[in-house]
Amino acid sequence: MPELPEVETVRRGLAPFMEGRRIRELTLNRADLRFPLPEKFKTRVEGRKVEQLSRRAKYLVINLEDDLSLIAHLGMSGSFRIEEPDKALQPGAFHHERSKDQAHDHVVLRIGRDAEPDALIIYNDPRRFGFMDLIETSAIDTYPAFKALGPEPTGNRLSAQYLAERFKTKKGPIKSVLLDQTVISGLGNIYVCEALYRAHIRPTRAAMSVVTPTGKPSRQLEDLTRAIRDVIAEAIEAGGSSLRDHIQTDGSLGYFQHRFRVYDREDKPCLTEGCDGIVHRITQSGRSTFYCPVCQK
DNA sequence: ATCATGACCTGTTAGC
DNA sequence: TGCTAACAGGTCATGA
């Protein structure tokens with residue numbers, strides 16, 4: 001599931017339970033996720049205090065003391081949940097029955113501060129497309145997955161002019177180009193569909209077709225740039241609201257309710273004002289694309 | 001270089 | 001009800 005807004009929601013949800021706490025114990029329930037876990041993962045992490053939780057694109061970055069950062073990617077199906085000790089049980093006892101698929105609880109951090117009871121931070125990932133890694137915080141910009149990342153959708157580095165520069169040589173469909181994390185980072189299948197829908201751009205169009213012959217952004221590309229910003233900012237906001245409502249009930253993070261205007265609405269009416277189109281689903285590069293053939297041109 | 005495809009995994013759901 | 005096939009929010013390696 002997780003695109004940028006979901007990962008940001010996870011970050012915000014975990015931060016109050018992790019920042020300033022010490023990782024007292026790391027339990028590893030298997031030797032690898034998508035990739036093997038790093039050398040001496042357990043011993044390098046145990047005993048360190050969490051300074052800060054940050055995020056780059058779809059990567060969660062847990063800054064630890066002494067120049068170490070734990071990087072976590074949720075892949076398609078990863079999530080975190082928080083379990084606090086149940087005050088009704090014996091001190092130190094945890095509720096462990098809620099999750100349907102504990103079989104996929106791959107990494108468990110026991111974390112605490114002073115005399116407060118410890119909490120458990122549990123990483124669950126059925127499909128195991130996610131991974132974790134360790135890197136020195138001072139070397140984070142050299143991390144291979146980060147080096148090539150394009151700008152964040154809500155950051156200052158993103159502009160219509162920048163996208164025009166990147167698009168002008170790309171003959172492939174604009175949808176695929178927006179999924180390329182080296183062009184812009186953090187977008188995934190859902191939010192690309194949503195952004196193109198808002199900007200009324202057909203996903204099959206060549207990326208270069210929204211750039212003028214002189215290399216300037218077209219009006220549509222300016223609309224798209226705004227749409228990307230807006231759709232991501234709104235989704236982060238929706239994630240924040242769901243956090244407030246949801247976290248206390250089951251402690252799970254990484255999934256939240258969000259209304260999509262075009263994604264997963266095949267054969268349903270287009271929601272654009274005054275448009276009587278029907279949403280189509282096609283496949284591009286092996287992924288589903290949803291769009292309205294009437295108002296996306 | 002650019003682009004599309006298949007591979008990695010397991011779970012859920014639509015259709016018969 | 002049970003079986004099968006298609007599909008799922010992400011990368012990464014490969015080959016045309």
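This is a predicted model, so every value here is computed, not measured. First the proteins, then the strands, lettered A, B, ... as listed; each starts at 1.
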Q: Report the nucleotide, chosen from B:dT2, C:dA8, C:dG10, that has the shortest atom-to-atom distance to any side-chain atom of A:Y263.
A: C:dA8

Q. Base, sugar-phosphate alone, or nothing: which one does A:Q181 contact when heavy atoms must sit under 4.0 Å apart?
A. sugar-phosphate

Q: Tell me whether A:F129 is stacked on the nucleobase of B:dC8, counting only the six-membered base ring and applying the 5.5 Å and 30° thresholds.
A: yes

Q: If the plane angle is over 60° it's perpendicular, under 30° parallel, otherwise tilted; pick one for A:H73 and A:F131.
A: parallel

Q: Could you work out the separation of C:dT4 and B:dC9 based on their P atoms and round it to a whole Å?
A: 22 Å

(Q) Tell me the interatomic distance from A:N124, atom CG, to B:dG11, atom P, rounded to whole angstroms. (A) 10 Å

Q | Under 4.0 angstrom between A:K171 side-chain N/O and B:dC3 OP1 or OP2 | A | no

Q) For atom P, what is the distance between C:dT11 and B:dT12, given to the nearest Å? A) 23 Å

Q) Near A:R30 CZ, under 6.0 Å, is it more than 12 heavy atoms from other residues, nucleotides or ligands? A) yes

Q) In whole Å, what is the span from the CG atom of A:L179 to the P atom of B:dT2? A) 17 Å

Q. Considering only side-chain heavy atoms of A:I190, which listed nucleotide, B:dG11, C:dG9, C:dG10, is closest?
A. C:dG9

Q. So does A:E116 have more than 12 non-hydrogen atoms from other groups sitting under 6.0 Å from CD?
A. yes

Q: Report yes or no: is there a donor-acceptor pair, N or O only, under 3.5 Å between the side chain of A:R128 and the base of B:dC9?
A: no

(Q) Side chain of A:T169, heavy atoms from C-beta onward: which of B:dA4, C:dG10, B:dT2 has the nearest atom to it? (A) B:dT2

(Q) Under 4.0 Å from OP1 or OP2 of C:dA8: is there any side-chain N or O of A:S77 that close? (A) no

Q.
I want to verify a distance call: between B:dT2, C:dA8, C:dT11, whose nearest atom is closest to the A:R34 side chain?
A. C:dT11

Q: Would you indicate whether A:E266, at its atom CD, is surrounded by more than 12 heavy atoms from other residues, nucleotides or ligands within a distance under 6.0 Å?
A: yes

Q: Provide the distance between the two P atoms, one in B:dG11 and one in C:dC12, to the nearest whole Å.
A: 23 Å

Q | Atom-to-atom span, CG of A:D180 to P of C:dA13 - whole angstrom | A | 14 Å

Q: Would you mind telling me which of C:dG9, C:dT11, B:dA4 lies closest to the side-chain atoms of A:E3?
A: C:dG9

Q.
For A:Y59 together with A:F146, are the ring centres under 6.0 Å from each other?
A. yes

Q | Connected via hydrophobic side-chain network under 4.5 Å: A:F41 and A:I23 | A | yes

Q | Proximity to the side chain of A:S285 - top-ranked nucleotide from C:dT11, B:dC9, B:dA4 | A | B:dA4

Q | Nearest-angstrom distance from the residue atom CE of A:M132 to P of C:dG10 | A | 18 Å

Q: Mind calculating the distance between CG (A:D125) and P (C:dG9) to the nearest angstrom?
A: 15 Å

Q. Rounded to the nearest Å, what distance is computed from the CZ atom of residue A:R166 to the C1' atom of nucleotide B:dC3?
A. 15 Å

Q) For A:R287 and C:dA8, is the shortest distance between a side-chain N/O and OP1 or OP2 below 4.0 Å? A) no

Q | Pair assignment for C:dG9, Watson-Crick or G-U wobble, requiring both distances under 3.5 Å | A | none

Q | Proximity to the side chain of A:P173 - top-ranked nucleotide from B:dA4, C:dC7, C:dG10 | A | B:dA4

Q: Could you tell me which nucleotide pairs with C:dA16 by Watson-Crick or G-U wobble geometry, both distances under 3.5 Å, or answer none if nothing does?
A: B:dT2

(Q) What's the gap between B:dG6 and C:dA6 when it is taken at their P atoms, as a whole Å value? (A) 13 Å

Q.
Go nucleotide by nucleotide along DNA chain C from the 5' end; which of A:R127 and A:A145 gets its closest nucleotide reached first?
A. A:R127

Q | Separation of C:dA8 C1' from A:N189 CG (nearest whole Å) | A | 10 Å

Q) Once you round it to whole Å, what is the distance between P of C:dT11 and CG of A:L33? A) 15 Å

Q. Should A:H104 be listed as having a side-chain N or O under 4.0 Å from OP1 or OP2 of B:dC9?
A. no

Q.
Would a single hydrophobic cluster contain both A:I135 and A:L70, if residues Ile, Leu, Val, Met, Phe, Trp and Tyr are joined by side-chain heavy-atom contacts under 4.5 Å?
A. no

